[in-house]
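What follows is a single structure, written as structure tokens, with notes after it.
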Amino acid sequence: MTRIIATNVTSPLGLTTEQNYSVLSAGHASLRGHRQWKGLPLDITASVFSPEQIAGLAAEGFTRFEAMVLHSVRDALSQTSLDITSGRSILVLATTLGNVEELVEGRETYTATGEAAKKIALALGMTTEPLVVCNACISGAQAQLMAERLIRAGVCDHAIVCGADCVTPFTVAGFSCLKVLSPAECRPFDIERLGLNLGEAAATIIFSKEQSPEKECWTLLKGCADNDCHHISTPSPTGDGVLRCIRETLAGFPAEALATVNLHGTGSMFNDQMESKAIESAGLSELPASAIKGIYGHTMGASGLLEAILAMRALDEGKVLPTRGFSEAGVSGRVSLSASMRATDKKSLLKLSSGFGGGNCVLLYTKDAALSEAFGNPGESTKPQTVCLHRVRISPDGIMLDGSALDTTDTGAAMLTEAYKKYVGDFPKFYKMDPFSRLTMLACSLLMGTARSTAQDGDRCGILLFNRSGSILQQRRHIESIKSEEGFYPSPAIFIYTLPNIVMGEIAIKYGFKGETSLYILGRKDEGLMSSVREATIHTSGLQTLITGWVECDREDDFEADFELLTIS
């Protein structure tokens with residue numbers, strides 16, 4: 001049983017969960033208008049820390065992003081008596097872009113996300129290797145799912161899960177060129193909604209296999225992640241990816257016990273419409289729903305944690321969170337929303353998250369003791385057996401497929417293009433991809449080309465990859481496009497691939513993979529941690545086919561991909 005023993009929300013509205021809930025309950029929001037924000041030729045509405053708050057959170061030797069994480073985790077830890085130095089705890093960090101602010105500001109040093117997680121873990125006194133979930137906007141939810149899996153598998157007894165992202169010129173310019181930013185406060189699901197706002201925050205949940213002796217705890221019962229296999233930046237209009245996750249998560253659980261569903265609710269045209277259709281198709285139209293991005297904006301890697309924490313805190317007082325800015329429904333699916341708090345006597349919560357790359361994640365929590373006992377102990381199950389069908393290894397020197405070298409004449413980056421033309425050649429978009437994505441697509445395509453009949457049931461085919469530096473080359477390219485007002489030309493085609501999980505969405509679409517797709521960033525290639533994450537995923541996800549391995553491309557002519565195609569039974 002995976003229990004929640006402490007939480008923290010660090011946002012412009014407050015530096016603790018209680019401060020945030022108190023201010024939220026009073027009807028306040030942290031979204032504000034900002035003209036020519038940080039020198040960009042853009043006016044935005046966003047939720048950002050004040051200079052005074054930033055100074056108060058600062059920690060010597062740590063970036064703004066890292067200091068925000070440290071504060072959030074330390075506040076949550078202060079509510080417990082955990083000994084996190086024992087080796088039985090793990091830090092799971094969820095973020096979309098981590099320290100990208102360092103890159104934007106042109107600092108001489110840049111701490112990659114995996115290295116930042118290790119730096120934070122060491123500052124906390126932890127001896128275990130941390131794990132970073134980098135799956136766009138579902139990162140915070142998927143990090144919790146992984147924590148639950150690792151605890152259930154016995155890899156650790158406690159998991160500190162923190163989601164965090166900063167609002168930076170990088171993200172503002174990127175979302176602006178996608179034409180999804182609202183000039184005013186966002187209004188999720190409302191007929192007058194114009195798009196989303198960005199927000200910055202850190203939020204932490206400490207999970208434990210042990211019940212807190214001081215208080216009754218919430219339990220994370222189960223969850224599910226998948227890919228809607230539709231488009232890399234637009235969700236499936238039917239909401240079928242979210243719907244599959246809802247049905248899998250609620251299988252056997254009495255839906256009438258749910259108090260509320262907390263929606264992703266970005267305020268964008270396509271997300272809100274998609275979620276409304278999923279809710280209706282799942283038979284949850286009468287269930288009180290809420291979306292709080294009209295208060296905090298979209299806090300990206302923090303959103304799945306921040307929103308779940310505050311939804312649970314409201315239920316502790318018998319209330320369902322409001323949907324600020326909602327007046328009249330502007331979606332075709334029926335969903336029960338209100339701009340005011342509503343009363344409830346139930347203690348179970350469904351949390352939905354969706355993101356770029358086609359990812360979806362749904363989590364189920366309860367504070368009902370009977371439901372915790374009935375559904376929080378899944379019991380022993382047979383460990384799935386895996387067989388490696390094919391393996392591909394790519395380096396600047398050549399390509400090995402199932403132990404045989406492929407015939408190529410070029411080396412380095414040119415070799416990737418040569419090999420794709422010669423051995424794959426069926427996906428023209430390949431040539432517009434960034435180097436990291438080309439490498440990943442080539443490796444997966446070579447594997448699938450050897451096993452065309454493997455992906456028969458797309459719902460049970462997934463991708464699980466590990467990496468060290470994300471899409472660093474593409475991130476630098478995006479920064480070049482926003483360096484000056486005169487040369488301000490951010491491109492959607494460039495920005496979207498700054499998110500390293502995007503290529504998995506492309507692969508899912510190409511091969512019909514509708515199972516879980518996930519990217520984890522490590523400080524180094526740690527085979528032990530990779531094996532633990534892989535086995536925990538296979539044991540609980542129901543996948544039958546999985547592409548998994550290490551992929552790194554921090555320079556165009558210096559790269560590595562080592563992938564396996566597994567079948568699971």
Side-chain angles (χ1 to χ4, degrees), residues 13 23-33 43-47 137 175 178-199 234-243 246 255 258-299 303 306-308 310-311 314-315 318-344 346 349-355 360 362:
L13 280 187
V23 176
L24 177 159
S25 298
H28 299 294
S30 52
L31 292 169
R32 301 287 185 273
D43 297 339
I44 64 167
T45 296
S47 171
C137 303
F175 278 91
L178 292 174
K179 308 299 183 186
V180 295
L181 292 181
S182 173
E185 291 183 20
C186 66
R187 303 176 64 175
F189 296 92
D190 192 78
I191 195 170
E192 298 292 342
R193 70 187 187 279
L194 296 173
L196 61 84
N197 306 131
L198 293 172
T234 304
S236 169
T238 62
D240 57 311
V242 175
L243 179 61
I246 292 174
L258 289 171
T260 181
V261 54
N262 184 262
L263 302 164
H264 191 56
T266 63
S268 66
M269 289 294 145
F270 296 121
N271 175 90
D272 294 4
Q273 169 64 15
M274 172 276 291
E275 279 194 290
S276 77
K277 295 300 293 182
I279 289 297
E280 184 175 67
S281 298
L284 302 177
S285 292
E286 304 307 317
L287 179 66
S290 66
I292 62 170
K293 288 184 172 67
I295 298 172
Y296 290 95
H298 191 343
T299 56
S303 63
L306 179 149
E307 293 163 12
L310 293 172
L315 291 179
K319 297 176 181 177
V320 172
L321 290 173
T323 301
R324 183 182 173 93
F326 179 79
S327 178
E328 179 183 353
V331 292
S332 63
R334 291 192 304 115
V335 57
S336 176
L337 294 157
S338 173
S340 303
M341 290 273 202
R342 287 172 285 179
T344 181
K346 299 176 182 179
L349 162 70
L350 197 66
K351 172 63 187 151
L352 275 53
S353 294
S354 297
N360 305 287
V362 173

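Note that the numbering runs from 1 along the sequence shown for the chain. Just so it is clear, the model here is predicted, and its values are computed rather than measured. Reckoned from all heavy atoms, side chains included, excluding hydrogens, waters and symmetry mates.
Put simply, the side chain of Ile292 reaches to within 4.5 Å of the side chain of Glu307, judged on heavy atoms. The closest side-chain heavy-atom distance from Leu24 to Met341 is below 4.5 Å. At least one side-chain heavy atom of Leu263 sits less than 4.5 Å from a side-chain heavy atom of Val335.
The two residues Gly265 and Phe189 have their closest heavy-atom pair at CA-CE1, 3.6 Å. In terms of heavy atoms, Ala314 sits closest to Leu321 at CB-CD2, 3.7 Å. Shortest non-hydrogen contact noted between Cys186 and Gly195 is CB-O, 3.3 Å. Lys293 and Ser303 get closest at one heavy-atom pair: NZ-CB, 4.3 Å.
Of the inter-residue distances, the one linking Ser338 atom OG with Phe326 atom CZ reads 8.0 Å to the nearest 0.5 angstrom. Interatomic distance, CG of Leu284 versus CD1 of Ile246, reported as 6.0 Å (0.5 Å rounding). Summarising the geometry, atom OG belonging to Ser327 is positioned 8.5 Å from atom CD belonging to Glu192; distances are rounded to the nearest 0.5 Å. Between the CG atom of Asp43 and the CG atom of Leu181 there is a distance of 11.5 Å, given to the nearest 0.5 Å. Within the model, atoms CZ of Arg324 and CD1 of Ile295 stand 6.5 Å from one another, a figure rounded to the nearest 0.5 Å. Here the straight-line distance linking atom OG of Ser30 with atom CG of Leu13 works out to 4.0 Å at 0.5 Å rounding.
When each of Met274, Glu275, Arg193 is checked for a side-chain contact (heavy atoms from CB on, under 4.5 Å) with Val331, only Arg193 meets the rule. If you run side-chain contact (heavy atoms from CB on, under 4.5 Å) between Leu349 and each of Val261, Asn262, Val320, Leu258, only Asn262 comes through.
Residues Ser290 and Arg342 have side chains that never bring a donor and an acceptor to within less than 3.5 angstrom of each other. Side chains of Thr45 and Asn197: no donor on one and acceptor on the other come within 3.5 Å.
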